[in-house]
Amino acid sequence: MIAQPGPQPRSFVDRTFNPGLRDIFRMGIRRTYAFRTWLYLGILQVFFQLLLVTAIWKAVYGGAGQVNGVSVDTMITYLTVVGMINFMIYPAIADEINTRIEDGQVAVDMVRPIGFIRQMLALEFGCSVGRWLLLVVVVPGLLLLGSLTPPAQEAFLGFLLSFGLAFAVSIEIWLLVGLSSFWLLNINGMRGMVGLIGSFFAGSLIPLWFMPGPLRTVSEWLPFQAVAYLPASIYTEQATGGAMWRAIGIQALWLVLLGIAASQVWNRAQHRLVVQGG
Amino acid sequence: MTLLSICWHTSLASIRGEMQYRTSFIMSLLFGFLFQSVGFIFVAVVLTQFDAVAGWSLWEVGLLYGIRLTAHGLWTISMNQLFRFDRTVQEGGWDRYLIRPMPLWAQMMFTQFRIPPLGDFASGLILLIVALTRVEIAWSPLLALFLPLAIVGGALIDGAFQLGSAAFAFRFMDTLPLRIVFDDFQGRFASYPMTIFDRPMRNFLTWIVPMAFMAWIPSTVLLGRTAELPFPGWVAWLAPAIGLALMTLAVTLFHRESRNYQSAGH
């Protein structure tokens, strides 16, 4: 059935805090450890990927110390930081929204006293924080395979700020993918495509500074660079001083733009709701 | 003859089933295409800025990547049933396999047909054909015979690890994570010349999980680069036999493990 639009559609994010959110957040953390095999598999894949891309980059560098002013050590640090970012950002929110629409649970979610989007965000934060606890294992592993040579203090602080923005932008992207299930009902293909294309244009395999001209231009116009390339280039001190602030500015801009997009989509989605099963 | 015709009909029926969801069908085919080629696109883009990867030019890597992907596609097309094998065992579906008057291998290979593996196979074949026109190979009848044999051998190596892992479903019920690890390993590490890895990793991939025999070693034979192998060049010609040997082991393991089957408890 198609739900009748209520007299007052729910706002994107309510302002009042509800203690129920804390419980959803905790549930997210617990859920991370309920599916341990898949968690470990995810970690293994991060390591495999890092092992492969560092090997390929070392091989293309050959004996060359520097290419375009970038040393092979910088390159490896870049790839390691990207690996860490990819581990820390987990798109639980897209799957969650999709599952809830697929089995009709969304009808119950939407009559709860907490807004649907806030519930989903709380769960996403829980799942992410759950993963972050594992950094105690992941960081030493990354150090073993790659390198996380610490940057100067200013660059490191810039990176922390930039990572926060990267996390927020990434959640907005996956929220949009998740919300598309109000129209598509099944987002498996969409999710895979965004994951694959997104990680390429985010500079996960090739930093933007090594991309040929046209490809680089495309990457610079897409939001994905804000997720991996910009924070990693701040960490590796490829973007310092003014360039660093410019990078952070681009991320902030995408944060606002995608935030507006997500709230617009959410407003429409509420009127498109199809409750399956039931 | 009856066996063949039954296989043909069950395959056709499942293709008709798959075609019912046209959008989803096209999306998954496209995604498969992209997913499988991204590793090569990556190298192609990198090689616009650099000359070679460990002395291998773009299309030499393309040949290697194409052999690996075609072999992988060949395996997944013929044995894509394995994808849902855990469930078959968990839900007691193996009972049905056991009572049907048809060889088990034929039932596993032909009772269901999924479309996405066709995407893997097609992208592999396209890449391989393009690469073959761009690299210089001193063709001889023997070499022309070696290439298809090597691809079949590669499919058997890929398959041996998948079938070998699936065998444990009879005992542990859940083998998908293990199969994903091997699939991931194959997709990532078998697609490039092993000379990019340092010695321990290269030895691991040559002697312990011998994915090196899927594509790197056959490609060195085709390109006349056997000098970079850690053993005499003629050994590389045995690559197809490695696949056969591993598959024999996997089948034996599968038969032994299947004795642990307990059916489902309902």
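Within every chain, numbering begins at 1; the chains are lettered A, B, ... in the order of the sequence lines, protein sequences first and strands thereafter.
For the pair A/Arg31 and A/Glu96, the salt-bridge criterion is met [side-chain N within less than 4.0 Å of a carboxylate O].
A donor and an acceptor atom, one from each side chain of A/Gln45 and B/Arg188, are nowhere located under 3.5 Å apart. Remark: the A/Ser233 side chain and the A/Thr236 side chain contain no N/O donor-acceptor pair separated by less than 3.5 Å.
The contact between B/Leu34 and chain A is made by backbone and side chain atoms together, counting heavy-atom distances below 4.5 Å. Both the backbone and the side chain of A/Leu52 come within less than 4.5 Å of a heavy atom of chain B. Using a 4.5 Å cut-off between heavy atoms, A/Ile56 contacts chain B through both its backbone and its side chain.
When side chains are defined from C-beta on, A/Tyr40 does not count as touching A/Leu44, because their heavy atoms never get closer than 4.5 Å.
A cation-pi geometry, defined here as NZ or CZ lying under 6.0 Å from the six-membered ring centre and within 45° of its normal, does not hold between B/Arg179 and B/Phe182.
The salt bridge (Lys or Arg N to Asp or Glu O under 4.0 Å) contacts involving residues 205-226 of chain A comprise A/Arg216-A/Glu220, where partners must be two or more places apart or lie in separate chains.
Scanning residues 194-216 of chain B against chain A with a 4.5 Å non-hydrogen threshold yields B/Ile196, B/Phe197, B/Met201, sorted by number. Among the residues in residues 35-62 of chain B, those with a non-hydrogen atom closer than 4.5 angstrom to a non-hydrogen atom of chain A are B/Phe35, B/Val38, B/Ile41, B/Phe42, B/Val45, B/Val46, B/Leu47, B/Thr48, B/Gln49, B/Phe50, B/Ala52, B/Val53, B/Ala54.
Here the side chain of B/Thr70 pairs a donor or acceptor atom with the backbone of B/Gly124 at under 3.5 angstrom. Although no hydrogens or angles enter the test, the distance criterion places no donor-acceptor pair under 3.5 Å between the side chain of A/Thr240 and the main chain of A/Glu237. Although no hydrogens or angles enter the test, the distance criterion places a donor-acceptor pair under 3.5 Å between the side chain of A/Thr54 and the main chain of A/Leu50.
Taking all atoms of both residues into account, the shortest heavy-atom contact from A/Pro223 to A/Val169 is O-CG1, 4.3 Å.
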Show me the side-chain donor-acceptor pairs of residues 199-213 of chain A shorter than 3.5 Å, one per line, residues at least two apart or across chains.
| from | atom 1 | to | atom 2 | distance (Å) |
| --- | --- | --- | --- | --- |
| A/Ser204 | OG | A/Ser199 | O | 3.2 |

